[in-house]
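I have placed the structure first, in the form of structure tokens, so that the comments after it can refer back to it.
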Amino acid sequence: MLVGVLVAFPPDDAGGATSTLRRYPYLTDVSGTNATVNWATSTSATTGSLRWGAAAADGSCSPTSTATATRASITVNGVAEYQWKASFAAQRSTTYCYRVLLGATDLLGTDATPTFATAAGAGSSSSTFAVFGDWGKVDTSGANQDQANVMRQLARSGAQFAISTGDVPYGATGVASESQYGDLFTAGNGLSAVFGPLFWTVPGRSLPLFPT
């Protein structure tokens, strides 16, 4: 019996988000007691927060609770950015929704509110997850259609979580950097192979990732 499923297929891009959002929100450390949302922004404001909520019995979900985000300074291809994260106490077998803010600005703009479901945990009859590795590589123009196709499949897979087995990303120098992880706007040889608009941006908003 599959308990934790994606409740909505995310779009393939971040077309409605504000330009100050540099890395689209993505989930990590999601368990029966915790959920962490991560994102990156420009340095145009210095306070960030997460609004989140649990789905009602009728399936509706409104992010009304607030968690304060912490930030770290990063540099992507010579541009200063902030990497943010915020966590909240999660319950098992529960669907949540969230929005991310920089100051008072909703960074997702007109994009749909992301949703995700936590797993049932010990004692459940089954679970579904994805395992993949050796990814995060783009050509000289910053493209990788095969990788983009895999990301779309992951977003639509119904998996409860994903495990990345390593070697991420592959850059021009062979050594991972913030520029190779990249963001929504930086493109080029070896750049934005993870957080580009067609890559982890697509499944990451609803599919928790556990990298090894």
Side-chain angles (χ1 to χ4, degrees), residues 3-8 10 14 17-18 20-56 60-74 76 81-109 111-122 124 127-130 154-155 159-164 168 176 178 181-184 194-195 199-212:
V3 176
V5 298
L6 304 185
V7 298
T18 67
T20 52
L21 181 64
R22 309 299 293 185
R23 288 177 179 171
Y24 211 81
Y26 60 97
L27 296 161
T28 58
D29 304 300
V30 175
S31 67
T33 58
N34 177 86
T36 300
V37 181
N38 313 263
W39 67 97
T41 69
S42 69
T43 57
S44 57
T46 57
T47 59
S49 60
L50 171 74
R51 287 183 182 165
W52 60 275
S60 62
C61 191
S62 298
T64 56
S65 299
T66 301
T68 301
T70 59
R71 73 176 191 268
S73 296
I74 61 174
V76 178
E81 301 180 3
Y82 287 142
Q83 175 75 33
W84 300 87
K85 67 176 180 179
S87 301
F88 63 90
Q91 302 295 319
R92 298 190 187 279
S93 304
T94 303
T95 297
Y96 291 96
C97 58
Y98 66 88
R99 311 282 295 183
V100 293
L101 291 84
L102 182 65
T105 301
D106 184 335
L107 294 166
L108 295 180
D111 280 2
T113 299
T115 60
F116 68 96
T118 56
S124 61
S127 62
T128 301
F129 59 93
L154 285 169
Q160 293 171 256
F161 60 91
I163 298 172
S164 176
V168 183
E178 291 289 359
Y181 281 99
D183 59 25
L184 294 168
V194 174
F195 295 116
F199 304 136
W200 195 246
T201 291
V202 178
R205 68 196 78 182
S206 294
L207 184 62
L209 183 66
F210 293 87
T212 59

Looking at every heavy atom in both [X] and [Y], which two are closest together, and how far apart are they?
X    : Y    : result
P114 : R205 : CB-O, 4.0 Å
A159 : A130 : CB-N, 4.0 Å
C61  : G53  : SG-O, 3.4 Å
W84  : A45  : CZ2-O, 4.2 Å
R22  : T41  : CG-C, 3.2 Å
T118 : R92  : OG1-C, 3.4 Å

Under the 3.5 angstrom rule, does the side chain of [X] hit a backbone N or O of [Y] as a donor-acceptor pair?
X    : Y    : value
Y181 : V168 : yes
Y26  : V202 : no
D183 : A40  : no

Just do the ring-ring contact (aromatic ring centres under 6.0 Å, His included) check on F210 and F161 with the steps written out, would you? CA-CA 8 Å; F210 293 87; F161 60 91; 5.8 Å; yes
Please work out whether the ring planes of F88 and F116 are parallel, tilted or perpendicular, with thresholds of 30° and 60°.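 Taking F116 first and then F88, their aromatic rings sit tilted (interplane angle of 30° to 60°).
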Set out, in order, the CA-CA distance, both residues' side-chain angles and the distance that settles salt bridge (charged side-chain N to carboxylate O under 4.0 Å, His left out) for R99 and D106, then state yes or no. CA-CA 7 Å; R99 311 282 295 183; D106 184 335; 2.9 Å; yes
Are E81 and R71 close enough, and set up right, to give a salt bridge (charged side-chain N to carboxylate O under 4.0 Å, His left out), and what steps lead you there? CA-CA 10 Å; E81 301 180 3; R71 73 176 191 268; over 6 Å; no
Validation row: Y24, D111 side chains within 4.5 angstrom (heavy atoms):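 They are in side-chain contact.
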Take T36 and L27 through the test side chain to side chain contact (heavy atoms under 4.5 Å, CB included) and record every step on the way to the result. CA-CA 6 Å; T36 300; L27 296 161; over 6 Å; no
